[in-house]
Amino acid sequence: MANRKAIGIFDSGIGGLTVASAISKLMPDEQIIYFGDTEHMPYGEKSEEAIRYFSKKISAFLIEQDCKAIIIACNTASSLAFQTVLDEFGDKAEVFNVVDPIVEAVTSDNSIDRIGIIGTKQTIKSNVYEIKLKEQNKDLQIKSFATPLLAQMIEEGFFNCEISRMVVDRYLEKANFENLNGFILACTHYPMIKQDIINLYGDHISIYDSTKHVAEHVKKKLTELDMLTDVRQDQDHFYVSDLTESFANTASLFYQGPLKLEKIHLWEDQVNAL
Ligand code: DGL
């Protein structure tokens, strides 16, 4: 039996629209309900408690919207809050993170033995990628480095340009990444700087981000569970907790197409609850 309910996707902001875009392209009939927590971004600088709290609140909203699946598009929330969301809502919806599909893709490619990872401070500090990669391939050499400026830089529209190349170059120099043959872009925003990385390392390096692999993983899982829709039900919704002109302008770049952001409040009791 087909399942016509929507797929819920959430992120700390609008960067997760890179994931939503990949999902829409691969499964155009699926209705998407997106929530970007623009009011509390960046999650990469928040405490673990805050990231878990926000993730739970947003997931509850997506469940209220009757979503059949929740995709945690944010790498930081995937690293720190996946288990929390799964424990709380796993009986009501299929819960996906963006880490597992990347780990699966990397470790199923036998040619990769030296991998670099960049992400937010909290993603890198969590060590989730290292732990999961090592579980699959204990011989993999892994180096990771936090690059907190990059998400902000990309959001300001600096990617694939002289400035982004300089910043990326400086970070990667500091990270001391050498002789890599694989590279993980462990942040929603980083698909936008893929070309900058290729310009620096050359195209012999395999680059993994949370778009294609995540969309393919979700499609495979929902197909196995017979949870894909057989017909488009309704239009997509892209909710944000704060809306500015700048978010509205940048959103279509991440989504790679026009979209309308809608502001919605979920947070009345947040301050005391933290
Ligand atoms: N969405 C976040 C991630 O993928 C990046 C931005 C933030 O720090 O909130 O880790």
Side-chain angles (χ1 to χ4, degrees), residues 8-23 34-59 62 70-82 84-85 96-103 116-130 132 144-159 164 167-168 171 183-194 197 207-215 238-242 244 246-247 250-251 253-255 261 267 270:
I9 303 177
F10 81 86
D11 178 45
S12 58
I14 49 176
L17 290 167
T18 53
V19 179
S21 169
I23 298 281
Y34 181 91
F35 186 89
D37 191 9
T38 44
E39 190 180 350
H40 300 107
M41 192 185 66
Y43 279 13
E45 307 289 320
K46 296 282 182 300
S47 68
E48 292 181 25
E49 295 89 326
I51 295 164
R52 292 197 181 106
Y53 175 79
F54 295 146
S55 299
K56 259 168 74 170
K57 267 284 196 198
I58 299 166
S59 300
L62 294 173
I70 296 174
I71 303 174
I72 309 177
C74 180
N75 269 267
T76 309
S78 286
S79 301
L80 291 156
F82 172 61
T84 307
V85 174
F96 297 93
N97 64 66
V98 289
V99 178
D100 291 332
I102 297 181
V103 168
I117 308 170
I118 55 172
T120 66
K121 283 185 196 160
Q122 283 289 28
T123 297
I124 298 303
K125 188 169 156 240
S126 76
N127 264 335
V128 165
Y129 277 94
E130 282 87 335
K132 292 194 173 193
S144 51
F145 195 74
T147 49
L149 264 188
L150 293 186
Q152 200 64 38
M153 175 191 83
I154 295 165
E155 211 140 290
E156 287 299 320
F158 294 108
F159 47 87
S164 62
V167 178
V168 170
Y171 264 137
F183 201 88
I184 299 179
L185 303 178
C187 174
T188 45
H189 294 56
Y190 298 177
M192 314 296 277
I193 51 159
K194 196 167 178 175
I197 309 273
I207 301 179
Y208 300 87
D209 65 38
S210 20
T211 54
K212 178 174 166 274
H213 299 298
V214 172
F238 300 94
Y239 298 111
V240 286
S241 48
D242 191 22
T244 63
S246 151
F247 289 141
T250 327
L253 288 177
F254 287 110
Y255 191 62
L261 297 179
W267 307 105
Q270 85 188 41

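Since we're looking at a predicted model, the values are computed, not measured. Just so you know, these numbers use all the heavy atoms, side chains as well, and skip hydrogens, waters and symmetry mates. Each ligand, and each atom within it, is numbered from 1 in the order the structure gives.
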**Asked** Does Y208 reach the main-chain N or O of H213 with its side chain, forming a donor-acceptor pair under 3.5 Å?
**Response** no
**Request:** Report yes or no: do D37 and S241 form a side-chain donor-acceptor pair below 3.5 Å?
**Result:** yes
**Message:** Tell me every residue that passes side chain to side chain contact (heavy atoms under 4.5 Å, CB included) with T76, counting only those two or more places apart in sequence or in another chain.
**Reply:** Y43, I51, C74, L80, T120, Q122, T123
**Message:** Test of understanding: with ring-ring contact (aromatic ring centres under 6.0 Å, His included), list the residues that count as partners of F238, not counting sequence neighbours.
**Reply:** Y255
Any protein N/O atoms within less than 3.5 Å of an N/O atom in ligand 1? List the atom names and distances, or say none.
from     : atom 1 : to   : atom 2 : distance (Å)
ligand 1 : 1 (N)  : D11  : OD1    : 2.8
ligand 1 : 1 (N)  : S12  : OG     : 3.0
ligand 1 : 1 (N)  : T188 : OG1    : 2.9
ligand 1 : 4 (O)  : N75  : N      : 3.0
ligand 1 : 4 (O)  : T188 : N      : 3.0
ligand 1 : 4 (O)  : T188 : OG1    : 3.2
ligand 1 : 8 (O)  : Y43  : N      : 3.3
ligand 1 : 8 (O)  : G44  : N      : 2.9
ligand 1 : 9 (O)  : S12  : OG     : 2.6
ligand 1 : 9 (O)  : Y43  : N      : 2.7
ligand 1 : 10 (O) : T76  : N      : 3.1
ligand 1 : 10 (O) : T76  : OG1    : 2.5

**Message:** Applying side chain to side chain contact (heavy atoms under 4.5 Å, CB included), can you list everything that pairs with P148, at least two apart in sequence or on another chain?
**Reply:** E45, K121, A146, Y171
**Message:** If we ignore hydrogens and angles and just use 3.5 Å, is the side chain of K46 paired with the main-chain N or O of H40 as donor and acceptor?
**Reply:** yes
